[in-house]
Amino acid sequence: MQLFEDLNLEVHRGESVAIIGPSGAGKSTLLSLLAGLDQPTAGMIRLADKNLAELDETDRARLRARSVSFVFQSFHLLPELSALDNVRLPLEIRGEANSEQQAQQWLSQVGLASRAGHLPGQLSGGEQQRVAIARAFATRPDILFADEPTGNLDSETGASIVDQLFSLNAQQHTTLILITHDSQLANRCSRRLQLRQGQLLEAHA
Ligand SMILES: Nc1ncnc2c1ncn2[C@@H]1O[C@H](COP(=O)(O)OP(=O)(O)OP(=O)(O)O)[C@@H](O)[C@H]1O
Ligand SMILES: [Mg+2]
């Protein structure tokens, strides 16, 4: 069975796109495909002007490390690393100086300065989500993919994270591709698309 049918999407630099749709529609799967984390059985995906099918896994990983951040629906933090080290790791991989200070600063920005030394298992769901968001912000990506980034947050904390997403979008022209059930978040995006029965259609606010 095919999850997607005749699905076309073109996103330009600096756009913000909300993808909405019922549970099980394939939103998370679509996001993994777009980010080059998964490969489609048919069709073509270009990311940052590269046809992903023409790259081997090493080159796809390199492209992701250079240009992409991903906030997973289930966070995917490394359980044996502290909150600080989870945020720090992608900075280390990129060989950035002051990775510890930078990571600490990003944690503060999401309101978690006092949780830096905690392991993911010692954090609440919303706190883990914010660590994942800090990690995604830290590399100042060209494209940020986020799967329900405010799904575990109270409205005040969620609003602060949403503001930060859009300031990255405004200041660094970070392209945002977000899955969300949060209508406030969806309404701030420049486009809203609905995934339903394998197709992606423009949705109206
Ligand atoms: N690794 C997998 N192997 C087989 N089927 C999968 C796999 N991952 C997802 N699916 C199936 O693909 C469909 C789409 O799943 P996906 O996680 O993309 O949905 P979703 O739209 O993100 O849902 P939700 O809103 O609940 O997160 C589901 O029917 C799911 O069971
Ligand atoms: Mg999902």
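Just so you know, these numbers come straight off a predicted model, no measurement behind them. All ligand and atom numbering here is 1-based and tracks the order in the structure.
In terms of N/O distances under 3.5 Å, ligand 1 is approached by Gly26. Where the criterion is an N or O separation shorter than 3.5 Å, residue side chain and backbone included, Glu148 fails it with respect to ligand 1.
Leu91 is not listed as a side-chain neighbour of Glu100, based on a closest heavy-atom distance of 4.5 Å or more. A 4.5 Å side-chain heavy-atom check between Glu96 and Gln102 finds at least one atom pair inside the cut-off. Side-chain contact between Thr174 and Phe166 is absent, with no heavy-atom pair separated by less than 4.5 Å. Here the side chains of Leu178 and Ile19 are not in contact, with every heavy-atom distance at 4.5 Å or above. Side-chain atoms of Arg46 and Leu52, non-hydrogen and from C-beta on, never get closer than 4.5 Å to each other.
More than 12 heavy-atom neighbours from other residues, nucleotides or ligands sit within 6.0 angstrom of CD on Glu57.
Residue contact annotation: Gln73 places an N/O/S atom under 2.8 Å from the Mg ion (ligand 2). At least one N, O or S atom of Ser28, from either the backbone or the side chain, sits less than 2.8 Å from the Mg ion (ligand 2).
Using a cutoff of 4.0 Å between basic side-chain nitrogens and carboxylate oxygens, Arg64 and Asp59 are not scored as salt-bridged. With respect to Asp147 and Lys27, no salt bridge is recorded, no charged nitrogen being found less than 4.0 Å from a carboxylate O. A salt bridge between Arg192 and Glu202 is absent, with no side-chain N of the basic residue lying under 4.0 Å from a carboxylate O of the acidic one.
For atom 27 (O) of ligand 1, the closest non-hydrogen atom on the protein side is Gln73 NE2, 2.8 Å. Looking only at heavy atoms of the protein, atom 8 (N) of ligand 1 is closest to Thr29 OG1, 4.5 Å. Scanning the protein for heavy atoms near atom 25 (O) of ligand 1, the closest one is Lys27 NZ, 2.7 Å. Among protein heavy atoms, the minimum distance from atom 12 (O) of ligand 1 is reached at Leu3 CD2, 3.9 Å. Of all protein heavy atoms, the one lying nearest to atom 26 (O) of ligand 1 is Ser23 OG, 2.6 Å.
Counting only heavy atoms, the protein never gets under 4.0 Å from atom 3 (N) of ligand 1. Taking a distance limit of 4.0 Å, we find that atom 22 (O) of ligand 1 is approached by some protein heavy atom. Shown here, atom 15 (O) of ligand 1 is in close reach of the protein: a heavy atom of it lies under 4.0 Å off.
Ranked by closest heavy atom to atom 13 (C) of ligand 1, the top entry among Gly24, Ala25, Pro22 is Gly24.
Shown in contact with Ser28 at under 4.0 Å from a heavy atom are these atoms of ligand 1, numbered in order with element: 17 (O), 18 (O), 20 (P), 22 (O), 27 (O).
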